[in-house]
Amino acid sequence: MQQPQVERLELDQLTCWRVRTARAELLLAQQGAQILSYQRDGEQPLIWLSPQAAYQRGQGVRGGVPICWPWFGDLRRNPLAVQQQYQGDSPAPFHGLVRDLDWQLLGIDSQDGAVSLTFAFDTRTQPLPGWPHAAELRLSIRLDQQLSLALDSHNLGRDSLAISQALHSYFAVSDIRQVRIAGLDGCPYIDTLQDWQRLQQQGELTFAGETDRIYLDTPARLDILDPAWQRRIRLHSSGTRSAVLWNPWIDKSQRLSQFASDAWQGMLCIEHANVLDDIRLLAPGEQHRLELSLSSETLKA
Ligand SMILES: O=P(O)(O)OC[C@H]1O[C@@H](O)[C@H](O)[C@@H](O)[C@@H]1O
């Protein structure tokens, strides 16, 4: 069996690792413990990375799997318990505080053709501006036949802690107008583009315009069906009952950083989350694990 290889490299200002196994390649950055890309041999990329991506310190990279924590999106749209944890004077950054900071690499382990990497972010040694709470975040990444991520949030303080979060995964697709998402039928969702109305999904989700929705009561399994690439991407999750489905479409693409004006056609985000009714309240000492694993198979016509 070909032994996995892990190579450290600098992409412009960022320290990154390229992991190669017998069947796949993964690229990740220390900043934000961000997966940047994932491609299985003989297939199109599974995780999308913008060709316009910039590798600059203090700036999130467009694409991959950014981690949104300790809140998701606009803090003002979060439940009060999450908002109250932030005491900063400056406006709260979108998607939390850790996506453009360096995490610590705790270790790389290679066994039986699989590679595991663990990153940590400890607010006791790296205090977050405006967020005076003791917590440790850990991201465990495992690359074998599939890609598995586990994000652990551990409350190390004396008071309970309210967090919202997401694994903001960007997926590569042939053409957004032709893909379907299975598994959401019957789920309630908030359409953030229609005054945050609460609606209900009927059947599979397809895309015909800008989409920015928060799905609730989501199941453990979602599938991306991509007939033009004859591919089904399977997403298995646990510790999450909410997911954000996002595609910027034409107009919003013009306003996004590190994003070509036609890039919306080849990507979509499914962000496994803990948001709105699904935020987590951690008692002192309590931990929460959010898990996601990704695999793919041929989609028969
Ligand atoms: O440009 P950012 O901060 O990475 O955010 C990208 C998108 O992230 C999604 O999670 C939001 O639902 C969108 O509204 C937002 O545009």
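Order of appearance sets the numbers: ligands from 1, and atoms from 1 within every ligand.
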Test: R232 and D223 ion pair at under 4.0 Å = yes

Do the ring planes of W249 and W264 sit parallel (below 30°), tilted (30 to 60°) or perpendicular (above 60°)?
-> tilted

Please state whether the rings of Y170 and W246 are parallel, tilted or perpendicular, taking 30° and 60° as the class boundaries.
-> perpendicular

Closest protein heavy atom (residue, atom, distance) for atom 6 (C) of ligand 1 = W246 CH2, 3.6 Å

Could you find the nearest protein heavy atom to atom 2 (P) of ligand 1 and give me its residue, atom name and distance?
-> R62 NH1, 3.7 Å

Which residue owns the protein heavy atom closest to atom 9 (C) of ligand 1, what's the atom, and how far is it?
-> H168 NE2, 3.4 Å

Neighbour count above 12 (heavy atom, 6.0 Å) for D195 CG = no

Report yes or no: is the cationic atom of R77 (NZ for Lys, CZ for Arg) under 6.0 Å from the centre of the six-membered ring of W196, at an angle within 45° of the ring normal?
-> yes

Run the numbers for me: atoms of ligand 1, each under 4.0 Å from some heavy atom of K252, listed by number.
-> 13 (C), 14 (O), 15 (C), 16 (O)

Residue H95 vicinity, atoms of ligand 1 by number, heavy atom under 4.0 Å | 3 (O), 5 (O), 8 (O), 9 (C), 10 (O)

Under 4.0 Å from one or more heavy atoms of V244, ligand 1 contributes atoms 12 (O)

Going by the order shown, which atoms of ligand 1 are within less than 4.0 Å of some heavy atom of F72?
-> 10 (O)

Nearest neighbour in protein (non-hydrogen) for atom 14 (O) of ligand 1 | D212 OD2, 2.5 Å

State plainly whether the residues R180 and D226 are in salt-bridge range, i.e. N to O under 4.0 Å.
-> no

Pairing of D41 and R20 as salt bridge, 4.0 angstrom limit = yes

Is there a heavy atom of R99 sitting under 4.0 angstrom from any atom of ligand 1?
-> yes

For atom 10 (O) of ligand 1, find the nearest protein heavy atom and state the residue, atom name and distance (0.1 Å precision).
-> E271 OE1, 2.7 Å

